[in-house]
Number of protein chains: 2
Amino acid sequence: MNEGRRPATSTDVARRAGVSQSAVSRAFTPGASIAEETRRKVEEAARALGYRPNAIARSLTTRRSRIIGMAAAYLQNQFYPEVLEAMSRGLRARGYQLLLLMPEHGRHADPLLEEVMAWQVDGLILASTTLSSALAEQCRQAGIPVLLFNRTTSTAHVSSVTGENHRGGQRIADLLVAGGHRRFGFVAGIENSSTSQERERGFTEGLARHGFDLPARAVGSYSFEAASAAARNLLARADRPDAIFCANDHMAIAVAEVARHEFGLRIPEDLALVGFDDTAPAKWRSYALTSFSQPLQPMVDAAVALVCEMIENPAAPTRQAVVPGELVMRASTRLPESGWLDRDGQRIWRGHESG
Amino acid sequence: MNEGRRPATSTDVARRAGVSQSAVSRAFTPGASIAEETRRKVEEAARALGYRPNAIARSLTTRRSRIIGMAAAYLQNQFYPEVLEAMSRGLRARGYQLLLLMPEHGRHADPLLEEVMAWQVDGLILASTTLSSALAEQCRQAGIPVLLFNRTTSTAHVSSVTGENHRGGQRIADLLVAGGHRRFGFVAGIENSSTSQERERGFTEGLARHGFDLPARAVGSYSFEAASAAARNLLARADRPDAIFCANDHMAIAVAEVARHEFGLRIPEDLALVGFDDTAPAKWRSYALTSFSQPLQPMVDAAVALVCEMIENPAAPTRQAVVPGELVMRASTRLPESGWLDRDGQRIWRGHESG
DNA sequence: CCGGGCCTTGCATGCGTATGCAAGGCTAGC
DNA sequence: GCTAGCCTTGCATACGCATGCAAGGCCCGG
């Protein structure tokens, strides 16, 4: 064993095993042509020297880094850490490492991503971050697959994985109307985020279908503080909403706190509350938040599969994958008065979904 | 602009700028000897070709990857995502990238870390993950600095950054005793985690100093589900505790849910509850959890500084940094009956701390 | 017994950048 | 005007590994 010295190289192993450096390389390359006997000798020498192939050097010759960059704007919303965790495991299972990129608060992710291109990442996953069309074009030229996660973009033709934002918003409208609510509120995420826009559009369209007005709205910017302020705004109105849909669970919890502890409202008696994502805190019984789910593992699996596919076949057309979710009813909303049906002994709320 | 071709190399830039490849390299190396005029020509050519130095190739020659691997066992506990976020930004500010490592559930991190050594990472930060002494030795030989975050280890001489686990436990004991509680419970994290052990030891020693017994204890393994089970266990006892200290906030919230919704207990009237970390959910008013803080930014700053220092000076002795926290009192515990003092017009609870 | 073909191996080279070394140009001082 | 010395530059090479190519060995069929 060498002490503090530089790590053993394939040449060191070759010398010790009495073979050529190429043989060592082949011994560590699955599927390479090498005799069983030679491989054994190499492996023995490698073990004795504590040798591991240098991934940096390997990347240089193969021109594939087996690194995927993943950008996320913030991790306060529980949804993202869980995505990150699953993504890291999922990518690793396919032999990729995950490089984590957190843009500075309030800054655009572009400079960060550009920096990461120096790392020759094999792919880029953008969660809760948009991609400027300039950078998208740059990636396309560099042949770096880009995948938007929980976002889409209109400015460029990019692949994406999202939940059923539009349908989710509709279902929530259906549920709230069926629960007998009449004055609706919406707390938006970041204004120009496609996710928030689609959820809102589904919601307002759903309401309109039942003959209800556009809801009162306020902007929560996906942050706890801004959502709290939005809640104060909405709840102080003369025509206070009796049902509020928040663009995600994280903001819904902020609204719940303000409603209960600043306005003394009971949920759902005085105010129904719905979120989106169905994250862990939504399940905590102090909130028991009704939420439209974005199933974590399926979404991550789809993302991993898609990005790998894009790497293997760069010429493939872009794809927009939509992972189905479902409305998870909990105690933060009243049960609907109608629209129930029995299936396999379970009581399912079908609602008035026309689709 | 080249379409879909391989990215421009320093040689391409050199040719276009009419200089040698070395000149291009020097133009991108801060502090290298190069004429202003030449640098200008190189920069112009580089811009025209969309050139960025290849970090992989650079790492190969410089023998420094500027990548730091960070392992975390789980991200459910809000503490870790926030650490991750701050760590990524902090490292980036010093020119390092963060490679995220999530061991498979229930598996040891060793194989993962070994795999990452192939990436020639410049350093390794282990959060909520232990390091086998075998691997620690291997890292030492390879000259890879290792930093334990929110953990220590007795089996090897390794640097670490932690909060005031022992003192925190003591303070909590002081607070609960001062609040008039008499039957104490403790929910441990993973049994062999130094963090949980130290907090428990501080707690029991603190209690003992006031003449109280070792508390009833149960194991929550840092998970929500296990902590819920632990709570059921503790709360079903004939001598039900009237105060429970949980080794972290995440588990404390699980206990709060069970206490309220399964046992109909009021907090803090029937049961006082204390956590550790002072994460975001502890501040949510539905919990208003008293907690001993682990200040995020100072801990991360210390970790980043320490790991960089270790990289620059590999021969430096290991260090155990302890970042001071404070007891944050909220509504989940009764206010203590004594021990208050005025300072600068603020009412400070000094407690009976002897240290 | 001979030849074709497959398996295995080593040689040589390339991946893109950094850097020691020596040469050349230029400035300043005498 | 000459030389010492600094600044700048290019050349050559190294970093550690993968891989095309050709040579050698072996087996098997004819």
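For the numbers below, each heavy atom of this structure counts, side chains included, while hydrogens, waters and symmetry mates do not. Residue numbers begin at 1 in each chain, while the letters A, B, ... track the order of the sequences.
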Over how many whole Å does the gap from [X] atom [atom1] to [N] atom [atom2] extend?
{"X": "B:Trp119", "N": "D:dC17", "atom1": "CH2", "atom2": "P", "result": "13 Å"}
{"X": "B:Glu36", "N": "D:dC7", "atom1": "CD", "atom2": "P", "result": "15 Å"}
{"X": "B:Ile56", "N": "C:dA18", "atom1": "CD1", "atom2": "P", "result": "13 Å"}
{"X": "B:Asn54", "N": "C:dG16", "atom1": "CG", "atom2": "C1'", "result": "6 Å"}
{"X": "A:Arg58", "N": "C:dG16", "atom1": "CZ", "atom2": "P", "result": "18 Å"}
{"X": "B:Arg63", "N": "C:dT17", "atom1": "CZ", "atom2": "P", "result": "18 Å"}
{"X": "B:Arg15", "N": "C:dG16", "atom1": "CZ", "atom2": "P", "result": "12 Å"}
{"X": "B:Arg64", "N": "C:dT19", "atom1": "CZ", "atom2": "C1'", "result": "16 Å"}

Do [X] and [Y] have side-chain N/O donor and acceptor atoms under 3.5 Å apart?
{"X": "B:Arg151", "Y": "B:Thr195", "answer": "yes"}
{"X": "B:Ser25", "Y": "B:Ser10", "answer": "no"}
{"X": "B:Thr152", "Y": "B:Ser160", "answer": "no"}
{"X": "A:Ser128", "Y": "A:Tyr222", "answer": "no"}

Any N/O donor-acceptor pair, A:Thr11 side-chain to D:dC17 base, under 3.5 Å:
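Answer no: no donor N or O sits under 3.5 Å from an acceptor.
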
Measure distances between side-chain N and O atoms of B:Ser59 and base N and O atoms of D:dC15, and say whether any donor-acceptor pair falls under 3.5 Å.
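When only heavy-atom distances are counted, B:Ser59 does not reach the base of D:dC15 through any donor-acceptor pair under 3.5 Å.
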
For D:dC17, does OP1 or OP2 lie under 4.0 Å from any side-chain N or O of A:Ser10?
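Answer yes for this pair, as a side-chain N or O of A:Ser10 is under 4.0 Å from OP1 or OP2.
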
Phosphate OP1/OP2 of C:dC15: any A:Thr61 side-chain N/O under 4.0 Å
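No, A:Thr61 has no side-chain N/O under 4.0 Å of OP1/OP2 on C:dC15.
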
Do A:Glu85 and B:Gln76 come close enough that some side-chain heavy atom pair is under 4.5 Å?
yes

Got A:Gln97 and B:Val116 here, is their nearest side-chain heavy-atom distance under 4.5 Å?
yes

A:Asp12 backbone acceptor or donor facing A:Gln21 side chain under 3.5 Å:
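Checked: no pair found.
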
Heavy atoms under 4.0 Å, any strand shown: does [X] hit a base, just sugar-phosphate, or nothing?
{"X": "A:Thr62", "result": "sugar-phosphate"}
{"X": "B:Thr9", "result": "sugar-phosphate"}
{"X": "B:Val19", "result": "sugar-phosphate"}

5′-ward residue of the pair B:Gln21/B:Leu60 relative to DNA chain D
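Its nearest nucleotide lies further toward 5', so the answer is B:Gln21.
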
Nearest-nucleotide wise, let me know which of A:Ala55 and B:Ile34 is further upstream toward the 5' end of DNA chain D.
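Result of the comparison: B:Ile34.
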
So which of residues 25-32 of chain A are in contact with DNA chain D, with a heavy-atom cut-off of under 4.0 Å?
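Of all residues in residues 25-32 of chain A, the ones placing a heavy atom under 4.0 Å from DNA chain D are A:Ser25, A:Arg26.
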
